[in-house]
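The structure under discussion appears below in the form of structure tokens.
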Amino acid sequence: MDALLQVDPLGMDPVEMRRLGHVVVDRVVDHLIALRDLPPVGRATRSDLEALLGGPAPEHPSSPDTAIAQLAEVALVAQQHGSHPRYLARVPGPAAFAGILGDWLATGHNAIASSWGGSAGPSSVELIALAWVREALGLPDTFEGVIASGGSMASLLAIAAARHAVGDGMVYLTSQAHSCIPRALRNLGYADGQIRHVPIDGELRLDVAALATAIATDRIAGLEPTIVVATAGSTNTGTVDPLPAIAAVTEREGLWLHVDGAYGAPGALTVTGRIALKGLELADSLAVDPHKWLFQPYDAGILYVRRAGALERAFTLDAEYLTDVTSAGDPDLRDRTLELTRRARAIKLWLTIRTHGIAGLRAAIDAGITLAEHAERSIVARHALELVTPARLGVVTFAVRGADRAQHSAIGRAIEDLGIAALTSTELVGRPVLRLCTINPRTNAADIDAVLDAITELA
Ligand SMILES: *Cc1c(COP(=O)(O)O)cnc(C)c1O
């Protein structure tokens, strides 16, 4: 009898749930308020972290207040703060609070978006959010998609779906493609000999004439050209490959065009970005990361395909134990990806779009584009610095005159060690550069100037 009336060993009294919930909300809001005064990258050694957070697996219960405090004060400060206004490295992740709220709400409801039968609500939120973003990007309504964990997974799924549609064969990309693309190809079983590196032009864009030649040469050699990967906003420089000209080639040759817009595609919400991203709508598949320039907390990476059903044809999961949650007509999102149990990543995106509107997102993206242009002017005005690539979709790169690769990385490291900012030191076709990515709408011109002042001083 007692066993039947057993209390949930993991249960919590509702009053306590509310109290702890408020503790967490207060922690997060306090963090966001204090963020500007913290170093953009929090560091700690593994041994210190293990001493404070580790030890033997706790056999007995302890206070969640203490544990929450340890997470907030020890673990969660020791990381790169993608939302920090002077986190200008790699790609910032300036999460909007509406997105944070959406993720909390979804987690609290243990939201799932796998099948229509088992998750009609979250599934329709995903389909609606995908349609809203599609419309905002100016894509035709035949584009359909799914939300994966990020750009790497979206591109991996895209290449798998492409291979299903056009068969195994040669893949074409440039040196400016994100490193997740060769990794995806390798792990999908492509051999090195199936990957063709197409030359780039002086502006680091895919050379279309060279692409056409490579395809023709491969055909003569008896190889089967299948997929071209183009980048719409490269991580290095914000460069967009000439999409209309590439699409003319892939269309004529019957190839699949995958466009990696993980970073740059949201630029198409703005007037200047729409011009730079002309031809996005010609992609057979397109990756777009909401956890970058659509201001979502990690993680979320959209994959769109132009032809309806292209994902289902590659990924439909056939299992007799799933037939009771399979529906006729309504999409089962598990069939558009490699995940079965999937968190409902669209809830946060839907809430953000409803809260701020596309206009709010557009203004925030525009601010990032304008800020990179300000950075460009500020770099050009300093004799110690030299502009290497102009402001493109929120990215600008520059060099310190007379400094070599090691000195560039030393300056980058010093800026970070001093807690001034985080920026990337990288290499562009053999040339060392520093790079700023200015997509955080909380970053302002004074932040940029302070960083450039500090670099000039160190130089
Ligand atoms: C960030 C990025 C990726 C990888 O996306 P993740 O979300 O980090 O997996 C791919 N391509 C480009 C152009 C990117 O900027």
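All ligand and atom numbering here is 1-based and tracks the order in the structure.
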Practice prompt. Please determine, by modelled atom types, if His258 and Ser155 share a side-chain donor-acceptor pair under 3.5 angstrom.
Written response: yes
Worksheet item: Given the side-chain rings of His291 and Tyr298, with only the six-membered ring counted for Trp, is the space between their centroids under 6.0 Å?
Response: yes
Discussion item. Between His374 and Asp449, is the side chain to side chain donor-acceptor pair (under 3.5 Å) condition met? List the steps.
Written reply: CA-CA 9 Å; His374 168 83; Asp449 291 340; 2.9 Å; yes
Fill in: Contacting atoms of ligand 1, where contact means under 4.0 angstrom from a heavy atom of Gly151
5 (O), 6 (P), 7 (O), 9 (O)
Fill in: Where ligand 1 meets Ala262 - atom numbers and elements under 4.0 angstrom, heavy-atom basis
2 (C), 3 (C), 10 (C), 11 (N), 12 (C), 14 (C)
Discussion item. Check contact between Cys180 and ligand 1, using heavy atoms of the residue and a distance below 4.0 angstrom.
Written reply: yes
Discussion item. If you define the side chain from C-beta out and look only at heavy atoms, does anything of Asp404 sit under 4.5 Å from Gln407?
Written reply: yes
Discussion item. Ignoring hydrogens and geometry beyond distance, is a side-chain donor-acceptor pair present between Thr270 and Arg274 at under 3.5 Å?
Written reply: no
Discussion item. Quick test of your reading of the structure: of Gly93, Ala232, Ser152, whose heavy atom lies closest to atom 9 (O) of ligand 1?
Written reply: Ser152
Practice prompt. Could you list the atoms of ligand 1 found under 4.0 angstrom from a heavy atom of Asp260?
Written response: 10 (C), 11 (N), 12 (C), 13 (C)
Worksheet item: What protein heavy atom is closest to atom 2 (C) of ligand 1, reported as residue, atom name and distance in Å?
Response: Lys292 NZ, 2.3 Å
Item to complete: Check whether any heavy atom of His291 sits under 4.0 Å from an atom of ligand 1.
Response: yes
Worksheet item: Does ligand 1 have any atom sitting under 4.0 Å from a heavy atom of Met153?
Response: no
Worksheet item: Looking only at N/O atoms, are Asp289 and ligand 1 under 3.5 Å apart anywhere?
Response: yes
Practice prompt. Assign the ring pair Trp132 / Trp350 to parallel, tilted or perpendicular, where the plane angle (0 to 90°) is split at 30° and 60°.
Written response: parallel
Discussion item. As an exercise, identify every atom of ligand 1 less than 4.0 angstrom from a heavy atom of Gly150.
Written reply: 7 (O), 9 (O)
Practice prompt. List the steps, then state whether side chain to side chain donor-acceptor pair (under 3.5 Å) holds for Ser114 with Ser119.
Written response: CA-CA 6 Å; Ser114 295; Ser119 46; 5.3 Å; no
Item to complete: Answer yes or no: does an N/O atom from Thr235 fall short of 3.5 Å to an N/O atom of ligand 1?
Response: yes
Worksheet item: Can you check whether Leu338 reaches Leu157 side chain to side chain, under 4.5 Å on heavy atoms?
Response: yes
